[in-house]
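For reference, the structure is listed below as structure tokens.
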Amino acid sequence: RQFEDACGLPEAYRRGQPVAEGPVRPLRQWVLATYAGRWPAALEEPLATLEDDLGLRTHQRAMTEPELAGFLRRTGAHLGVHTVSHAALPFLPDHEVVAEVRQSYDALRARFPATLPYLAMPFGLFDARTLRLAAEAGMRVSLTLPGCPLDRPFDADIGMPRLCVVRQHTPGRLTLKASGVAWLLDRVRGETAPAYPVLPSATT
């Protein structure tokens, strides 16, 4: 709460947030709605103060270029695009969407020529316009986060679902997530997910 106060989080963002989403939800929604998802430089000082008070430095940061090169060399992984500033693309005007994607792709290809023209949508937020603009910026596939199976054919109008993998996932849980069982159960119940995610506001 002290960190939120130091950041200037409006009171409206503290009300109506789903409890299940956790305590960071108000700050996340504010950054998305107010700064289009870009972390504002003005919050660096309050964040550093918070970490000093806790005696903790977060490990959640972007990889440096040498770290990324080492990771690719060790794993044989393929590299894709995630924009220049991790902005929530639906909040940007057309020219900024194209610039975010194209400049990221060009910069990565200059250092890693095998970079794939695949875009992972920041925050999983997208709409028909941003999918179209990503294609104009050279992306052959836009990876989203809807709840549908990974074996579903690519659809340019709704993108392709991506699977988020974290250390806590067991092989069995990953297989279940990728299988689309939950998606199938929703279909049986007559429940279908919207084509595009709901964009953030002060209360959702």
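All values derive from a computational prediction rather than experimental measurement.
Evaluation of the side chain to side chain contact (heavy atoms under 4.5 Å, CB included) rule for Arg102 yields Val98, Asp106, Ala137 as partners, not counting sequence neighbours. Partners of Asp5 according to the side chain to side chain contact (heavy atoms under 4.5 Å, CB included) rule, which considers only residues two or more places apart in sequence or in another chain, are Arg1, Arg14.
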Q: List the steps and the verdict of side chain to side chain contact (heavy atoms under 4.5 Å, CB included) for Leu9 and Phe3.
A: CA-CA 9 Å; Leu9 177 73; Phe3 177 63; over 6 Å; no

Q.
With side chain to side chain contact (heavy atoms under 4.5 Å, CB included) as the criterion, how do Glu65 and Phe112 come out once you've worked through the C-alpha distance, each side chain's angles and the decisive distance to 0.1 Å?
A. CA-CA 10 Å; Glu65 186 177 299; Phe112 306 103; 4.2 Å; yes

Q) How far apart are the C-alpha atoms of Glu96 and Arg38, what are their side-chain angles, what is the distance that settles it, and do they pass the salt bridge (Lys or Arg N to Asp or Glu O under 4.0 Å) test? A) CA-CA 13 Å; Glu96 285 192 36; Arg38 294 169 169 141; 3.4 Å; yes

Q: Kindly indicate, with the supporting measurements, whether the criterion side chain to side chain contact (heavy atoms under 4.5 Å, CB included) is fulfilled by Tyr13 and Thr34.
A: CA-CA 11 Å; Tyr13 283 83; Thr34 307; 3.9 Å; yes

**Q.** Candidate pair Thr83 and Leu119, rule side chain to side chain contact (heavy atoms under 4.5 Å, CB included), full reasoning
**A.** CA-CA 8 Å; Thr83 72; Leu119 170 66; 4.0 Å; yes

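Other residues, nucleotides and ligands contribute at most 12 non-hydrogen atoms within 6.0 Å of the CD atom of Glu45. Within 6.0 Å of CD on Gln2 lie no more than 12 heavy atoms contributed by other residues, nucleotides or ligands.
A side-chain N or O of Asp127 and one of Thr130 form a donor-acceptor pair less than 3.5 Å apart. At a cut-off of 3.5 Å, with distance as the only test, no side-chain donor of Arg109 or Thr115 sits close to an acceptor on the other residue.
Distance check: Ser85 OG to Leu92 CG gives 7.0 Å after rounding to the nearest 0.5 Å. Here Leu43 contributes atom CG and Leu27 contributes atom CG; the two are 7.0 Å apart, rounded to the nearest 0.5 Å. Here Glu136 contributes atom CD and Asp94 contributes atom CG; the two are 7.5 Å apart, rounded to the nearest 0.5 Å. Atom OH of Tyr118 and atom CZ of Arg140 lie 5.0 Å apart (nearest 0.5 Å). Rounding to the nearest 0.5 Å gives a distance of 13.0 Å between NE2 of His86 and CH2 of Trp39. Here Gln29 contributes atom CD and Arg25 contributes atom CZ; the two are 3.5 Å apart, rounded to the nearest 0.5 Å.
Across all their heavy atoms, Phe123 and Ala87 have their closest contact at CE1-C, 4.3 Å. In plain terms, the two heavy atoms of Trp30 and Pro10 that are nearest each other are NE1-CD, 3.4 Å. What you find for Val97 and Leu89 is that their closest heavy atoms are CG2-O, 3.5 Å. In this structure, Ser142 and Leu131 approach most closely via the heavy-atom pair CB-CD2, 3.5 Å. Residue Tyr105 comes nearest to Pro117 through the heavy atom pair OH-CB, 3.6 Å, listed as atom of the first residue, atom of the second, then distance. Pairing each heavy atom of Leu32 with each of Leu125, the nearest pair is CD2-CD1, 4.0 Å.
The main-chain N or O of Gln17 is never found under 3.5 Å from a side-chain atom of Glu21 such that the two would form a donor-acceptor pair.
Here the side chains of Arg57 and Asp52 are in contact, with some heavy-atom distance below 4.5 Å. Contact annotation: the side chain of Val84 approaches that of Gln103 to within less than 4.5 Å [non-hydrogen atoms, C-beta and beyond].
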Check residues 67-79 and write down every donor-acceptor pair under 3.5 Å in which the side-chain atom is one partner and the other belongs to a residue at least two apart or another chain.
| residue | atom | partner | partner atom | Å |
| --- | --- | --- | --- | --- |
| Glu67 | OE1 | Arg61 | NH1 | 3.2 |
| Glu67 | OE1 | Thr64 | N | 2.9 |
| Glu67 | OE1 | Thr64 | OG1 | 3.3 |
| Glu67 | OE2 | Arg61 | NH2 | 3.0 |
| Arg74 | NH1 | Gly70 | O | 3.3 |
| Thr75 | OG1 | Phe71 | O | 2.7 |
| Thr75 | OG1 | Ala77 | N | 3.2 |

